[in-house]
Amino acid sequence: MLDIQFVRDNAELVAKKSKQKGYDVDVEQLLGFDRERRELLQQVEDLRRQRNELSSQTKGQKPSDEQVKAGRDIKDKLAKLEHQLAAIDKEFVELLKQVPNMPLDDVPVGSSEDENQVAKKVGESPKFDFEPKNHAQIAEAKGWLDKERAAKVTGARFAYIKGDLVQLQFAIIQFVLSKLTDQSFLDEVIKENSLEISNKPFVPVLPPLMLRTDVYDAMDRLEPRDDRYKIEGEELWLQGSAEHVLGSMHADEILSESDLPVRYIGYATSFRREAGSYGKDMEGMFRMHQFDKLEMESLTDGDSGLQEHLFLIAIQEKLMQLLGIPYQVLHKCTADIGKPNARGVDIEAWLPGQGKYRETHTADYMTDYQARRLKTRVKRGDGRIELVHTNDATALALSRTPIAIIENYQTKDGNINIPEALKPFMATRPAV
RNA sequence: GGAGGGGUCGCAUAGUGGUCUAGUGCGCCGUCUUGGAAAGGCGGUAUAGGGGCAACUCUAUCGAGGGUUCAAAUCCCUCUCCCUCCGCCA
């Protein structure tokens with residue numbers, strides 16, 4: 001949620017930038033509710049003051065008939081006004097919640113994901129002296145992926161992942177954890193990218209995979225609800241990404257400045273209904289209802305929020321480089337960064353089997369927009385209380401990273417090589 | 001799933017309808033005393049919102065939301081979280 005004071009001071013800008021993100025917000029109406037709300041609030045507070053004065057006059061004695069009558073009078077007026085205020089306030093908050101975060105100035109303006117900009121391409125796509133297969137062909141032939149049996153049990157977009165592919169997944173997990181908890185690795189990334197930021201290591205977290213409706217809504221990631229799984233009979237949802245449960249961890253807290261940056265590397269199974277993507281990416285395990293993911297989440301002060309965002313992207317890139325997967329970095333345009341985002345970057349890995357770059361990572365920078373509703377704050381050294389800035393970013397997605405490895409490292413005889421960086425973490429090797 | 005007990009200021013506690021503008025202790029900050037410190041004295045110590053150029057002031061918040069009442073930390077209802085015991089379970 002935006003700060004209403006910011007909206008008051010920048011009405012035109014808010015209208016314009018909201019529109020750039022594809023949100024048609026009636027800022028005039030919002031400010032009208034704001035004025036009305038404040039007027040009523042003053043009247044209500046004045047009546048409450050009168051009530052407090054009246055009841056403190058009685059000092060333990062029985063009130064006189066006159067006092068009771070005056071009190072009753074205040075009570076009636078107050079009830080009426082409070083009712084009005086609650087109604088206005090509800091509309092006001094609803095409208096304010098609809099205003100998206102303001103994109104930073106360097107976010108390209110665009111009306112659909114087609115206007116995302118390729119910032120750079122890294123790595124050479126591998127040359128094959130044979131026709132490269134896609135991951136589904138390889139994995140199914142190897143017995144690593146069984147979707148037919150999964151269909152019996154759960155329906156479409158689920159799979160049994162088996163054998164060496166499981167080993168690969170666990171190796172990736174260990175690889176990521178070993179890097180993100182290693183200060184010297186972070187120092188290297190900071191140095192290579194000339195960042196000015198803490199080298200505090202990430203804390204590994206296994207978060208709960210469900211969260212409450214109100215918390216999900218406060219994170220501003222519940223919508224569209226059609227894409228979420230609701231637990232029947234409970235105010236609980238299956239999380240769609242570890243950031244949903246990591247970012248909300250410190251809701252309603254005032255952190256001390258020395259706690260920052262808070263950095264988590266979470267490992268969680270994510271669930272998505274994939275509503276509206278019927279028939280898309282049905283082959284293999286590219287788009288599933290359930291997939292595991294390693295996700296970075298950071299809470300920082302406002303001064304270092306943007307640096308943190310760049311840092312998380314630099315980590316994403318470094319991990320991809322270590323794995324030797326060719327990729328491109330995409331600056332998402334205003335229409336594609338998402339409602340709470342101020343800036344968003346995707347990384348797309350080269351998939352030889354598809355002959356395309358496909359999304360494997362996202363990095364989201366929310367400034368203080370998410371923290372405002374979560375009430376996650378920090379007490380600065382000078383005593384001021386500020387909202388934290390939130391950042392999240394995929395470290396590596398499981399299913400899509402293995403897909404990229406399978407397709408880029410495939411051999412003519414249908415085996416795959418293991419990237420050097422993962423070899424120390426493999427319990428067994430699929431092939432050489 | 002069943003039974004019971006709880007949630008009050010950073011922490012620990014007091015508070016069973018008006019004297020709560022929430023007391024006390026600890027912690028923390030400032031200050032006095034001191035050569036310096038300890039001890040002690042004094043003062044301060046939450047969050048959110050409204051009004052005001054400001055000093056300041058008003059309102060709300062005792063887990064959350066409703067209700068009763070002229071008046072609610074206190075009474076009633078619903079929810080939530082924690083603890084204990086039983087059952088079940090990895």
Side-chain angles (χ1 to χ4, degrees), chain A residues 1-9 30-97 99 206-219 230-237 245 248-260 262 269 299 301-302 368-388:
Chain A
M1 195 165 72
L2 280 184
D3 181 1
I4 184 59
Q5 190 60 50
F6 179 85
V7 182
R8 287 177 199 144
D9 296 341
L30 175 63
L31 292 177
F33 283 142
D34 180 43
R35 277 190 296 272
E36 219 175 319
R37 181 184 65 101
R38 277 190 291 170
E39 261 171 49
L40 274 168
L41 189 63
Q42 279 177 49
Q43 293 174 40
V44 165
E45 286 186 354
D46 189 56
L47 280 169
R48 283 178 185 160
R49 184 183 52 76
Q50 289 176 37
R51 181 184 64 189
N52 291 344
E53 277 173 4
L54 188 66
S55 72
S56 65
Q57 275 169 22
T58 57
K59 295 276 177 204
Q61 298 146 24
K62 285 226 162 178
S64 66
D65 288 350
E66 256 169 65
Q67 282 170 326
V68 171
K69 188 178 174 297
R72 203 168 271 154
D73 192 43
I74 290 170
K75 187 185 175 177
D76 292 343
K77 281 188 195 158
L78 197 52
K80 215 183 240 173
L81 284 176
E82 278 179 336
H83 187 74
Q84 279 180 42
L85 178 63
I88 288 286
D89 196 60
K90 189 169 173 238
E91 294 204 67
F92 167 74
V93 172
E94 277 310 308
L95 209 52
L96 182 57
K97 274 161 65 176
V99 183
L206 293 173
L209 303 185
M210 296 182 201
L211 68 165
R212 299 153 166 274
T213 306
D214 54 340
V215 174
Y216 218 156
D217 191 45
M219 280 293 286
K230 176 84 193 290
I231 305 297
E232 194 178 352
E234 308 257 352
E235 282 305 316
L236 280 174
W237 303 73
V245 278
S248 47
M249 215 169 141
H250 294 282
D252 277 315
E253 289 182 27
I254 300 176
L255 302 164
S256 95
E257 197 170 49
S258 58
D259 295 332
L260 301 185
V262 171
T269 303
L299 309 178
D301 60 45
D368 61 3
Y369 187 94
Q370 256 181 345
R372 184 162 289 108
R373 284 186 65 199
L374 291 170
K375 299 190 179 75
T376 306
R377 290 152 295 172
V378 54
K379 188 164 198 166
R380 301 298 296 266
D382 58 11
R384 278 180 302 129
I385 307 277
E386 292 175 358
L387 293 164
V388 300

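Keep in mind the model is a prediction, meaning the values are calculated, not measured. Every heavy atom of this structure was used, including side-chain atoms; hydrogens, water molecules and symmetry mates were not. In what follows, chains are A, B, ... by sequence order, proteins preceding strands, each numbered from 1.
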Residue set satisfying side chain to side chain contact (heavy atoms under 4.5 Å, CB included) with N52(A), at least two apart, ordered chain then number -> none
Residues forming a salt bridge (charged side-chain N to carboxylate O under 4.0 Å, His left out) with R51(A), sequence neighbours excluded:
none
Just jot down the side chain to side chain contact (heavy atoms under 4.5 Å, CB included) partners of K80(A), sequence neighbours excluded, or say none.
none
Taking only side-chain nitrogens and oxygens of R51(A), does any of them come within less than 4.0 Å of OP1 or OP2 of A60(B)?
yes
Do Q50(A) and L78(A) touch side chain to side chain, with heavy atoms closer than 4.5 Å?
no
Does V215(A) have any side chain to side chain contact (heavy atoms under 4.5 Å, CB included) partners at least two apart in sequence or in another chain, and if so, which?
L211(A), R212(A), S248(A)
Hey, what are the protein-to-nucleotides 51-54 of chain B N/O distances that come in under 3.5 Å?
unit_1: G51(B); atom_1: OP1; unit_2: R38(A); atom_2: NH1; d: 3.0

N-O pairing of D73(A) and K69(A) below 4.0 Å
no
Please tabulate, for side-chain N and O atoms in residues 82-96 of chain A, each donor-acceptor pair with protein atoms closer than 3.5 Å (sequence neighbours left out).
unit_1: E82(A); atom_1: OE2; unit_2: R48(A); atom_2: NE; d: 3.2
unit_1: E82(A); atom_1: OE2; unit_2: R48(A); atom_2: NH2; d: 2.9

Partner of A14(B) by Watson-Crick or G-U wobble geometry, both contacts under 3.5 Å, or none?
none
Tell me what N52(A) touches on the nucleic acid: a base, only sugar-phosphate, or nothing, going by heavy atoms under 4.0 Å.
sugar-phosphate
Contact letters for nucleotides 74-82 of chain B, in which S counts primed atoms plus P, OP1 and OP2 and B counts the base, heavy atoms under 4.0 Å
------SS-
Taking atom P in both U68(B) and A12(B), compute the distance separating them and give it to the nearest angstrom.
35 Å
Given that D46(A) and Q5(A) both sit by RNA chain B, which one's nearest nucleotide is further toward the 5' end?
Q5(A)
Mind checking the C1' distance from C88(B) to G15(B)? Whole angstroms is fine.
41 Å
Which residue lies toward the 5' end of RNA chain B, V44(A) or K75(A), if each is placed at its nearest nucleotide?
V44(A)
With sequence neighbours left out, the residues meeting salt bridge (charged side-chain N to carboxylate O under 4.0 Å, His left out) with E36(A) are none
Give every pair of a protein N or O atom and an N or O atom of nucleotides 44-47 of chain B that lie under 3.5 Å apart, one pair per line with the distance.
unit_1: U47(B); atom_1: O3'; unit_2: R377(A); atom_2: NH1; d: 3.2
unit_1: U47(B); atom_1: O2'; unit_2: R377(A); atom_2: NH1; d: 3.3

Tell which nucleotide pairs with U19(B), taking only Watson-Crick or G-U wobble pairs whose two distances are both under 3.5 angstrom.
none
List for me each residue that meets salt bridge (charged side-chain N to carboxylate O under 4.0 Å, His left out) alongside D259(A), sequence neighbours excluded, and say none if there are none.
none
Atom C1', compared across U16(B) and U8(B): separation rounded to whole Å
14 Å
Going by side-chain hydrogen bond (donor to acceptor under 3.5 Å, both in side chains), name the residues that satisfy it together with Q5(A), two or more places apart in sequence or in a different chain.
R8(A), D9(A)
So, is K69(A) near the phosphate of C70(B), with a side-chain N or O under 4.0 Å from OP1 or OP2?
no
When the P atoms of A64(B) and G7(B) are considered, how many whole Å apart are they?
13 Å
Among all residues two or more places apart in sequence or in another chain, which pass the side chain to side chain contact (heavy atoms under 4.5 Å, CB included) test with Q43(A)?
L81(A)
Choose from U59(B), G50(B), C70(B) the nucleotide whose nearest atom is closest to any side-chain atom of R37(A).
G50(B)
